[in-house]
Trainee: 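Okay, here's the structure, questions in a sec.
Note: hydrogens, waters and symmetry copies are ignored here, and every other heavy atom, side chains too, is used.
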Amino acid sequence: MNLKTLVALLLAAASFTTLSAQRRADDPMTVALMKVYDQLLDEDPRDPETLFRRGSEYYNINDYVHALDDLNGAIKYADPADADFLQQARILRSNILMMQKKYDRAVEDLNAVIENDPADYAAYYQRGTALYNLDRLAEAKRDFQMLRQINPRSQEALFGLARIAVKEKNIGVAGELCDMAVAITPTNSEAYMRRASVRTQMGNAPGAVEDYIYALSTDNANTAGALRALVDLSRRNYPVVISGLTEAIRKAPRNGLFYYIRGMIAQGHCNYLSAIADYDAILNNKLDSYPGINGSLAECYYYLTRFDTALLNIDYAINGTEENAYYYMFKSRIERAMGHPEQAVEAANAALVSNAEYSDALIAKALAQLDLNESADASVALSEVAMNEPENALAFLLRGWVLSEFRNQPKPAAQAWERMLDMDYDFDDVRSLKGFALLYLDRRDEAEAWMKRVLDTADDYDGEINYYAACLYSQMGLMDRALRHAEASLEKGYANLYAWTMAADANVNCAPLRKDDRFDALLKKYATLFK
């Protein structure tokens, strides 16, 4: 698989996961069909067939609450003698209950399904899974063993029994069962994904990484899932993931995919030098020529403040593909960092040609316009982002900053920051930037409490959270505390030299620290992160 195919698969999978149910719900045919069902049920609200069909549609669009209501009605009003209909309704209702993690009630339906059809393979699997989740392991084991009687080559049975063995602390047995399951279909990525899941449950992170790599190497069916799993695992155990990918590269030194994934994960952890080494290995050894590699190199060099090299790579990426809006947006950032605001605006406009609502490009354009003393135009661009994305915290923070510092409009500025406090972010998500909004609103105690809560609860796997803490505390004048968090961030490998030394927009930066000699000494201490 070449890298262009990989990225296309990942983007398609991400879009499908996020949007498929919503698109199905908004699909004109689905909307029309649901209207017909609604009309039929207005005429006869006890029609079991219509309730079943509408419930099925709700299930397909992941609306499990309404789906369950309809299936409850379908079963309640069904003819008790219509065994086939009740069988199908109970199967669907059990699926809905499983999705809602209402395992006790799912087992009740599945008991009835199996009583009606003692050879229903799917029902035994579902019931075994539900019983496992209820810690009724002996009963779950019987169901998975029944699967093996129905189908001696049942992977579902072997993996189910393996999960039970892990809970029973029979790790050796669990490993043997997983190996037996994989051996049934060794060229199927799904088998490796399932074994990785059990190995993760066993605490065998290296084995899980190995299986995700096998899944990537076997077929395309689970490429996105395996990569997401590696990225998630890297947040908990970065060295193990990198070690596994390094071993894969040792065994297959001409496989550009492994270099790209290792580089991408390193870049995601702000380990830009390692990422550059992997991207360069792909290009220098002619393992692939996907322009996205140059785009990634441009980002790495930008964050390391090597802007000339970043510009060369971003231009190569732009010229290598027609789908280059992202690259133009990033070129705008590079040009601005180099002190070229006119070129930055030009690049941002090029990014907006294909999508006039591209938020990152509008923000890049607004910041470049500020450098050109065009604060009114910058305010308009940021207002567009705010209208298009009412949950974009950065856009609202910047808009408030522009209105307050450049437009002398303190009241609407405060409204922008107040709006940030109501945005739907997880309470420990540092990118909500709520502490910075609170600081602008002169609610210092609340800002400090927000930052403490984030530090206490979020997993700072790459030092980014401690970086934001250093920014906030330095803006509050708490330099000793800011320095402690700066060092904690650098210890975790946060190698964004642009952020440390140049970022200056709004108050989301550590500019006050740069006047402190101790901060200079800190950057010198961790200089190996940057060069």
Side-chain angles (χ1 to χ4, degrees), residues 21 46-168 170 173-174 177-178 180-181 184 190-191 193-195 197-198 201:
R46 298 188 175 191
D47 178 18
E49 184 69 30
T50 304
L51 285 166
F52 176 85
R53 292 183 180 278
R54 190 176 70 174
S56 298
E57 285 298 321
Y58 278 130
Y59 176 75
N60 289 333
I61 60 176
N62 300 341
D63 185 346
Y64 302 125
V65 172
H66 286 102
L68 184 59
D69 285 344
D70 279 353
L71 265 294
N72 286 340
I75 292 170
K76 178 180 179 180
Y77 299 125
D79 181 351
D82 193 345
D84 288 341
F85 177 82
L86 286 169
Q87 184 81 343
Q88 293 305 310
R90 288 192 176 109
I91 289 171
L92 180 55
R93 187 169 69 175
S94 70
N95 289 337
I96 296 166
L97 292 166
M98 291 290 287
M99 296 303 296
Q100 294 183 314
K101 298 184 180 180
K102 297 176 180 178
Y103 301 118
D104 280 321
R105 292 177 59 190
V107 167
E108 293 175 7
D109 271 336
L110 291 163
N111 287 341
V113 170
I114 290 170
E115 183 178 354
N116 186 61
D117 182 2
D120 191 316
Y121 180 92
Y124 280 110
Y125 174 69
Q126 286 277 62
R127 190 174 70 176
T129 301
L131 291 166
Y132 168 84
N133 284 306
L134 292 167
D135 279 328
R136 292 161 60 177
L137 300 184
E139 296 169 85
K141 190 181 294 187
R142 285 197 293 272
D143 276 348
F144 290 125
Q145 288 169 340
M146 178 60 72
L147 291 182
R148 295 193 74 185
Q149 291 183 30
I150 297 171
N151 176 11
R153 291 171 56 82
S154 169
Q155 288 178 309
E156 290 83 1
L158 290 168
F159 283 120
L161 291 168
R163 292 198 304 273
I164 292 170
V166 174
K167 278 200 173 184
E168 294 175 339
N170 295 323
V173 172
L177 289 165
C178 284
M180 289 170 59
I184 293 172
E190 183 63 27
M193 294 293 290
R194 289 181 173 182
R195 186 169 68 178
S197 177
V198 178
Q201 184 186 353

Trainee: Can you name the salt bridge (charged side-chain N to carboxylate O under 4.0 Å, His left out) partners of D135, sequence neighbours left out?
Mentor: K167
Trainee: Can you check whether D82 reaches D84 side chain to side chain, under 4.5 Å on heavy atoms?
Mentor: yes
Trainee: For F85, check ring pair (Phe, Tyr, Trp, His ring centres under 6.0 Å) against everything at least two apart and list the hits.
Mentor: F52
Trainee: Please enumerate all residues that pass salt bridge (charged side-chain N to carboxylate O under 4.0 Å, His left out) together with E190, with sequence neighbours excluded.
Mentor: R194
Trainee: Going through the distances and angles, do S154 and N151 end up as a side chain to side chain donor-acceptor pair (under 3.5 Å)?
Mentor: CA-CA 5 Å; S154 169; N151 176 11; 4.9 Å; no
Trainee: Inspect the contact between K141 and E168 and indicate whether a charged nitrogen and a carboxylate oxygen are less than 4.0 angstrom apart.
Mentor: yes
Trainee: Looking only at heavy atoms, which two atoms of I75 and R90 are closest? And how far apart?
Mentor: CD1-CG, 4.0 Å
Trainee: Mind checking whether K102 and L68 have side chains closer than 4.5 Å, heavy atoms only?
Mentor: yes
Trainee: Please determine, by modelled atom types, if Q126 and N95 share a side-chain donor-acceptor pair under 3.5 angstrom.
Mentor: yes
Trainee: Taking ring pair (Phe, Tyr, Trp, His ring centres under 6.0 Å) as the definition, give me every residue that meets it alongside Y59, ordered by chain and number, with sequence neighbours left out.
Mentor: Y64
Trainee: Verify side-chain contact (heavy atoms from CB on, under 4.5 Å) between D120 and I91, making sure each step is shown before the conclusion.
Mentor: CA-CA 10 Å; D120 191 316; I91 289 171; 4.1 Å; yes
Trainee: Y125: what forms a ring pair (Phe, Tyr, Trp, His ring centres under 6.0 Å) with it, not counting sequence neighbours?
Mentor: none
Trainee: Under a 4.5 Å cut-off applied to non-hydrogen side-chain atoms, are M146 and Y121 in contact?
Mentor: no
Trainee: For F159, enumerate each residue passing the ring pair (Phe, Tyr, Trp, His ring centres under 6.0 Å) test, keeping only those at least two apart in sequence or located in another chain.
Mentor: none
Trainee: Test side chain to side chain donor-acceptor pair (under 3.5 Å) on D63 and H66 and set out the steps.
Mentor: CA-CA 6 Å; D63 185 346; H66 286 102; 2.9 Å; yes
Trainee: Got D143 and T129 here, is their nearest side-chain heavy-atom distance under 4.5 Å?
Mentor: no
Trainee: When you check the gap from the basic side-chain N to the acidic O, do R136 and E139 get nearer than 4.0 Å?
Mentor: yes
